[in-house]
Amino acid sequence: MAGGSAPIVPQYQEKTMAEFGQTAGSVGQTAGSVGQTAGSFGETAGSTGQTAGSTGQTVGSFGQAASTVGKNAGDAGQTVGSFGVSTNDLPAAAAAANAIRSGTVRHDPQWDSFERSVEQRFSQLQVHFDDVYDDDLPSRLQAVAGTQYAPDALVGGPLPVGWSRANSSAVAQYGMVSRVVAVYHPQTEDDGPLLRPKFDPEAAVLAVGGRGPAAARSMYLWLEDAGERTLYRPSSADDAAAVAVADRAFRNAIGDGGGTQVEATAGHIRVGFAVLALRAVGYGQRDFSVAFGLAVLRRATSGRWEILQLSPNMTRPMQRNAYDVLSQATLGKAESNPLENESPKPLGISQAAPPDGDVRSPQPQLWWDNRGGASLQVVEWALGEGATNLFFVRDANSRLRTAVVGKFARAKGRYRWRVWSVGADGAVVFSEWRTLIVVST
């Protein structure tokens, strides 16, 4: 690392495995990112946040700067390299890589803007970016593995094939293995194929380096958070109790053995109903895992908070969307009764079709009759005995029957499902569970 005092990585707090494990009630954040509505995700009912910069620490407490090798711009995006490597070291690094291919990699100008953004966020790191062909990457990594030139992170837009966040052979050889893998499920009838933005940088933390793995992890989290991170702080002991219940449930769901930091990244608590967005971060010598989840809670008759539903291992966009939908539907506004002829409380539904145990083709149509009073209807579903997930159906008009395509039921197997009727005040009424068998067409 060339010159300067200990570089500062703003807005992020890193801990060793031994230091992990505190409850989300003591730490937290709100998350801001692309695609959320203003004033929703990351804001709490009756709580305020603070920027994570007030709790961050310098890279001097982490280790040295992060480094990065990257991907070809000619293959739907490029990655950048030598993040954190002194410019004096670059000729030697290039010699180590042995110039496998002649010619210049086409450079996407958007990476210049990205480089400036990284330099602004990590202002005291000396940063240099190199463009690398996809198929040269394994040889380049092999050539410098274990040396002072080995990178600590890979950045791409998107990452090269084989560097998905699932544990591919390339990740197993050169990267930090993830103990959790996010699974995408459609959340509404309107959900279509996932379309990535034209320029959408993502990162993978590598294990072949050693100069600054903590700084590389911080950059990874900065990208995940789209550069924004503020702290969720419960405003009362009761709110903190809800966070503690969600923390324990999330740890159990992801199989945490005590070495993971769980944070409540956003919270909406209203009377006897709560929605909490959660993030878990854990790492060891050869693993680095980030998991996003959502906990829905209600107050039991005993007065204590209990888990109503927990969705672990979500993608970040799924988490943001679910949080926004549930929190906005329970703000106390009776948007579901435009004719003012319904009950002010949710009365539930009467399931119509498909009947219990029915056999259908993938993505079957679901029908039910509304009894009124709900601001939102939610299909809670699971494939087999797995964890349940949420599929959202808006109820903001006067219709008495709902028909929706169950896009979540795409794979063959036995599903169980029920419908929530959610009131504007957070009251929830449930239908009975039904089973549905999906077979190939």
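On a predicted model such as this, the values are computed, not experimentally measured, just so you know.
- Ring geometry for F273 versus H268: interplanar angle over 60°, hence perpendicular rather than tilted (30 to 60°).
- Minimum heavy-atom separation, T260 to R179: OG1-NH2, 4.0 Å.
- Heavy atoms of other residues, nucleotides or ligands lying less than 6.0 angstrom from CZ of R414 number 12 at most.
- Residues Y220 and E224 are in side-chain contact: their nearest non-hydrogen atoms beyond the backbone lie under 4.5 Å apart.
- Distance check, rounded to the nearest 0.5 Å: CH2 of W111 to OG of S117 gives 11.0 Å.
- Considering all non-hydrogen atoms of both residues, A424 and R270 come closest at O-NE, 3.4 Å.
- Figure legend: R299 and W305 shown as a cation-pi pair, the cationic atom lying under 6.0 angstrom from the six-membered ring centre and within 45 degrees of its axis.
- Sorted by first and then second residue, the salt bridge (charged side-chain N to carboxylate O under 4.0 Å, His left out) pairs involving residues 357-370 (not counting sequence neighbours) are D358-R360, D369-R401.
- Looking only at side-chain heavy atoms (C-beta outward), W381 and R416 stay at 4.5 Å or farther from each other.
- L159 contributes atom CG, which lies 4.0 Å from atom CD of E202 (distance to the nearest 0.5 angstrom).
- The shortest distance between side-chain heavy atoms of R279 and L221 falls below 4.5 Å.
- Here the closest non-hydrogen pair linking L276 and G267 is CD2-CA, 3.5 Å.
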Listed pairs under 3.5 Å, donor-acceptor, residues 427-435 side chains, sequence neighbours left out:
| residue | atom | partner | partner atom | Å |
| --- | --- | --- | --- | --- |
| S431 | OG | V419 | N | 2.8 |
| R434 | NH1 | P354 | O | 3.0 |
| R434 | NH2 | Q351 | O | 3.4 |
| T435 | OG1 | D356 | OD1 | 3.1 |
| T435 | OG1 | G357 | N | 3.2 |

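- No hydrogens or angles considered: a donor-acceptor pair under 3.5 Å links the side chains of Q365 and W367.
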Set out, in order, the CA-CA distance, both residues' side-chain angles and the distance that settles side-chain contact (heavy atoms from CB on, under 4.5 Å) for V245 and F250, then state yes or no. CA-CA 9 Å; V245 170; F250 191 40; over 6 Å; no
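- Residues A172 and R286 approach most closely at O-NH2, 3.0 Å, considering heavy atoms.
- Here the straight-line distance linking atom CG of L366 with atom CD of Q377 works out to 11.5 Å at 0.5 Å rounding.
- When atom types are taken as modelled, the side chain of N252 and the backbone of A249 share no donor-acceptor pair closer than 3.5 angstrom.
- Residue A295 comes nearest to L278 through the heavy atom pair CB-CD1, 4.1 Å, listed as atom of the first residue, atom of the second, then distance.
- V438 has its side chain out of reach of S361: every pair of non-hydrogen atoms, C-beta onward, lies at least 4.5 Å apart.
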List the steps and the verdict of side-chain contact (heavy atoms from CB on, under 4.5 Å) for I437 and V359. CA-CA 5 Å; I437 301 171; V359 177; 4.1 Å; yes
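- Proximity of L154 to L141: side-chain heavy atoms (C-beta onward) are nowhere separated by under 4.5 Å.
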Under 3.5 Å, side-chain donor or acceptor atoms of residues 306-313 against the rest of the protein: list the pairs with distances, not counting sequence neighbours.
| residue | atom | partner | partner atom | Å |
| --- | --- | --- | --- | --- |
| E306 | OE2 | R298 | NE | 3.0 |
| Q309 | OE1 | S311 | OG | 3.3 |
| Q309 | NE2 | S311 | OG | 2.9 |
| Q309 | NE2 | T388 | O | 2.9 |
| Q309 | NE2 | T388 | OG1 | 3.2 |

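- Note on R251 versus D247: salt bridge recorded, some NZ/NE/NH1/NH2 to OD/OE distance being below 4.0 Å.
- Salt bridge annotation for D256-R248: absent, with no cationic side-chain nitrogen under 4.0 angstrom from a carboxylate oxygen.
- Counting heavy atoms from C-beta outward, P346 and V422 have side chains that stay 4.5 Å or more apart.
- Checking W417 against E380 by side-chain atom types alone, no donor-acceptor pair falls below 3.5 Å.
- There is a side-chain donor-acceptor pair under 3.5 Å between T402 and N370.
- For T188, the side-chain contact (heavy atoms from CB on, under 4.5 Å) criterion is met by D190, D191, F392, not counting sequence neighbours.
- Under the side-chain hydrogen bond (donor to acceptor under 3.5 Å, both in side chains) criterion, Y415 pairs with no residue at all, not counting sequence neighbours.
- Looking at heavy atoms from C-beta onward, V379 lies out of side-chain contact with L390 at the 4.5 angstrom threshold.
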Would V205 and D152 satisfy side-chain contact (heavy atoms from CB on, under 4.5 Å), going step by step from the backbone distance to the final call? CA-CA 6 Å; V205 179; D152 291 307; 5.9 Å; no
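- The two atoms that bring A329 and L376 nearest to each other are CB-CB, 3.7 Å, heavy atoms only.
- The line from CE of M314 to NE2 of H185 is 9.0 Å long, rounded to the nearest 0.5 Å.
- Taking the side-chain contact (heavy atoms from CB on, under 4.5 Å) definition, one finds that E189 meets it with F391, V404, V405, sequence neighbours left out.
- Between the OH atom in Y323 and the CZ atom in F292 there is a gap of 15.5 Å [rounded to 0.5 Å].
- Side-chain N or O atoms of S327 include one that pairs as donor or acceptor with a backbone N or O of D324 at under 3.5 Å.
- The side-chain heavy atoms of W368 and V393, taken from C-beta on, include a pair separated by under 4.5 Å.
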R121 vs W222, side-chain contact (heavy atoms from CB on, under 4.5 Å): CA-CA, chis, key distance, verdict: CA-CA 9 Å; R121 294 287 182 174; W222 172 69; 3.2 Å; yes
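- Electrostatic pairing of D239 and R233 does not count as a salt bridge here, judged by no charged N lying under 4.0 Å from a carboxylate O.
- Atom-to-atom distance recorded for T330:OG1 and D425:CG is 9.0 Å, nearest 0.5 angstrom.
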